[in-house]
Amino acid sequence: MKKSKTGSSARFPFWNDQIRRFESDYAKLPKVVRDEMNSAMELMERITEKSTEVTMICRGFVKMKNPLYQEVVHDSVFHGICFAWAGRCLAYARPSSLEYVQGLQARADLHYHVGNWDECMLDAREALDQMKRYKLTDWLGTAKRLGELLAKAEAKAIEHRPEPHPSMNNYEPLDVESQKPPNDGCLFDGVEPAYNEEWGRHLVAKRDIKVGEMIFVEDMDCCILAEEKIHTNCSHCAAQAWCGVACDQCVYALYCSVECKDAAWSDYHEIECQIFEEVNRRKDRMECQAALRLLIKFIKMEGLEKVIRTTNNYDRNAELHRKYFLDKKSGFVSTYIWYYSLLDRAGNDEDAEMLREARIVDEHADAEESSDNYDEADEAVLSVVLGSLKPDDVNEGSYDDCMCTVRKIFKRLQRIFRVNSHWFGLLPPRNSPIPYAAEVKCFAFSYYSSLINHDCFNNSALAIGKGGKLMAYAVAPIKKNEQVTISYSHMLYFNLDATTRRLNLAQERKFICYCRGCVNEWVPRPPWTPTKTLKSNIFQTALLDHVSSNKNWYLTKQQIISNKIIVEFVNKQIYESSPASAFCDTGYYRRFINLAYHMMYGVEWKVPEQCHFN
Ligand SMILES: C[S@@+](CC[C@H](N)C(=O)[O-])C[C@H]1O[C@@H](n2cnc3c(N)ncnc32)[C@H](O)[C@@H]1O
């Protein structure tokens, strides 16, 4: 291992140990990977007093012993850990400190190393701004290095700006800075909500939609951060909040800007604030926090009494309210009923029975919503809400009745969040040759996204952009009148058979999947007509041997990733032409396999009956 210029071995003795243990592994790595690792190590050394984190990085590094990982995944994992570490450093350092600037610089450098030019420029610019703003003494020559890095990244960004794929003739790339929905509305003219007995509520394409085309962009109604993002991202819009502002009262909720802080305060945080920390400690934090925020918003809209009256009214005449099923927009009653009725979709009782028999759903799941189902933790939280929002005319006598209904609504909103919200990942670097797995950033809930059904070979994917906008974009061509679908699970990578996929969905999302892939093992056709099979290269020969040895018929992730031709091809087909990354999407991977098979053997990939998950 290259010796550090700054003498880090003395500062981080554990590193010597790692060097001894992994020198031989290291020697086997390709030079390019070694160089990258060395430069990343140097970057880490620049930031002092973070030895615990650096130790963790090295431990993570060490875990990657599997030789299969070395060439492709090793360095990406390593970089991933470094990113996380630089991020953490930023989160804990004071924005006015040089350490913070160095964190930004390290991250900018890492972005540069993995070819993430735009992000590199953003970090470098922010670091320079911070130095200027806080008049920091530049005793390390940081400003000069940042200036050079910025210039290098700008040059690279121009050189590497991807050409839109020819299939994207009419595609206008998304303006990531503003991400404003066109025509002042949420929905592009391509899709509309629909309802039928078979699929319940769903979205349907009104015209042919091309790969990469934006389907809708909308504001989210509620977003709850994943555990590991609580200290780094905005609690209101999920954006990164490195220089964020915390709530003045609880000092716990973090926001990316004063605008988000004010919006959260007036929508729900004014009340949530009193119990924020407590709710954050709960095992069911996500659904509890979401239900609480929605409940507070509703009560603030028209008052507690109206909420209770509308709920009771709906419960008595659920069928009559079907007219609101697709219409959320006109007034409190329809908005509220639209939310509240989300669970009442066309359901299959036999499925529910099967899930109960398999102990996938709790036998007492229905009792969950019963107003008698008394939970002390809920009670404490709800009494704070009622105490703050109770109108004067709710006297002591009717308080218990109120509490009963509020308890029921709270439980139901929790279930709605579990069923109708979706996870949103971080967008991986655009030009990265390595398909990063998506990192879950938040679970969010919005009108159109809550109507999208699942398909194992989904034709669209969701992403979250700056300003907390939720967007859906096509990852496969969508025909007029076809249902627009996403994939609900990031566990469905690759070649799982229908039974395994269904089990996974049943466990994660509590329903039995009836998508075309699960019902009759449908697989998508490639979007082009193959002219010839590629000449076999070393990789393909090895792969054929591997496949025909019959032990492992399937392709391993590493094998597919290693094939640069395919990576390049798929990049062109899907990734570069998409406004957001298709890598965070699971249907993408299955399509990837299909394309890979097509390119290598000129045949369509069929899912075998017996299959393993690698
Ligand atoms: C986010 S909601 C989608 C909207 C829903 N169809 C409705 O009417 O409200 C998710 C629920 O829709 C149903 N669903 C979605 N995709 C499905 C599929 N492929 N097969 C069966 N049910 C599905 C499941 O009941 C699931 O819990």
Side-chain angles (χ1 to χ4, degrees), residues 191-204 215-216 218 220-223 286-287 290 294 314 318-319 321-328 335 337-356 360-362 365-366 368 412-424 443-462 470 472 482-492 496 498-522 524 585-587 590:
V191 281
E192 64 186 350
Y195 177 86
N196 66 27
E197 283 295 312
E198 189 185 2
W199 290 108
R201 282 173 267 210
H202 56 279
L203 289 184
V204 175
I215 300 174
F216 60 77
E218 62 179 335
M220 56 181 126
D221 284 343
C222 180
C223 117
M286 290 197 138
E287 49 265 49
L294 289 171
Y314 176 82
E319 278 302 302
H321 284 95
R322 283 199 166 209
K323 62 175 187 289
Y324 290 122
F325 267 21
L326 296 176
D327 177 20
K328 179 193 159 198
T335 311
I337 288 182
W338 181 85
Y339 269 105
Y340 192 79
S341 66
L342 271 174
L343 286 182
D344 294 335
R345 72 182 62 82
N348 186 334
D349 293 342
E350 270 175 42
D351 286 357
E353 190 53 42
M354 269 162 61
L355 292 175
R356 262 196 288 275
I360 284 170
V361 291
D362 187 351
D366 296 339
E368 213 184 330
R412 185 160 173 128
L413 289 175
Q414 286 188 27
R415 280 184 62 202
I416 288 174
F417 188 77
R418 275 202 293 271
V419 171
N420 289 79
S421 74
H422 298 293
W423 64 273
F424 288 80
F443 279 75
F445 186 92
S446 65
Y447 176 48
Y448 290 110
S449 72
S450 71
L451 302 181
I452 301 190
N453 279 330
H454 163 90
D455 192 306
C456 292
F457 294 96
N458 52 313
N459 50 26
S460 75
L462 299 175
L470 302 189
E482 199 183 317
Q483 196 183 146
V484 174
T485 54
I486 56 167
S487 172
Y488 284 1
S489 172
H490 51 298
M491 294 303 292
L492 299 183
L496 293 179
T499 317
T500 320
R501 292 201 305 263
R502 279 181 152 179
L503 184 67
N504 184 292
L505 281 166
Q507 282 164 342
E508 275 193 8
R509 302 293 293 240
K510 316 288 182 230
F511 72 91
I512 295 177
C513 179
Y514 284 100
C515 79
R516 50 202 170 159
C518 285
V519 171
N520 50 18
E521 296 283 17
W522 175 91
D585 176 63
T586 59
R590 275 188 301 285

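Both counts, for ligands and for their atoms, begin at 1 and track the order of listing. Any value given below was found using the heavy atoms of this structure, including those in side chains, with hydrogens, waters and symmetry copies removed. Here the structure is a predicted model, which is why all the values come from computation and not from measurement.
Residue Gly200 has at least one heavy-atom neighbour below 4.0 Å for each of these atoms of ligand 1: 8 (O). Of all the atoms in ligand 1, the ones that sit under 4.0 Å from a non-hydrogen atom of Cys513 are 19 (N), 20 (N). Interface atoms of ligand 1 facing Tyr514, defined by a heavy-atom separation under 4.0 Å, are 18 (C), 19 (N), 20 (N), 21 (C). Residue-ligand proximity, Leu342 to ligand 1, at heavy-atom distances under 4.0 Å covers atoms 9 (O). Below 4.0 Å from some heavy atom of Ile512 lie the following atoms of ligand 1, by number and element: 20 (N), 21 (C).
Side-chain contact annotation: Thr485 with Asn453, donor-acceptor N/O pair under 3.5 Å absent.
Only the backbone of Ser450 comes within 4.0 Å of ligand 1, counting heavy atoms alone; no side-chain atom from C-beta on gets that close. Neither the backbone nor the side chain of Thr485 comes within contact range of ligand 1; no heavy atom lies under 4.0 Å. At a heavy-atom cutoff of 4.0 Å, ligand 1 is contacted by the side chain of Tyr488 but not by its backbone. At a heavy-atom cutoff of 4.0 Å, ligand 1 is contacted by the backbone of Ile452 but not by its side chain.
The aromatic rings of Tyr488 and His422 sit tilted, their planes meeting at an angle between 30° and 60°. Classified by interplanar angle (parallel below 30°, tilted 30° to 60°, perpendicular above 60°), the ring pair Phe417/Phe443 is tilted.
In terms of N/O distances under 3.5 Å, ligand 1 is not approached by His422. Ligand 1 has no nitrogen or oxygen under 3.5 angstrom from a nitrogen or oxygen of Asp455. Among the atoms of Asn453, some N or O lies under 3.5 angstrom from an N or O of ligand 1. Considering backbone and side-chain atoms alike, Ser449 places every N or O at 3.5 Å or more from each N or O of ligand 1.
Here Asp455 contributes atom CG and Glu482 contributes atom CD; the two are 8.5 Å apart, rounded to the nearest 0.5 Å. Atom OH of Tyr447 is separated from atom OG1 of Thr335 by 10.0 Å, given to the nearest 0.5 angstrom.
Aromatic ring centres of Phe445 and Tyr339 lie closer together than 6.0 Å.
When the options Val419, Ile416, Asn420 are ranked by their closest heavy atom to atom 27 (O) of ligand 1, first place goes to Val419.
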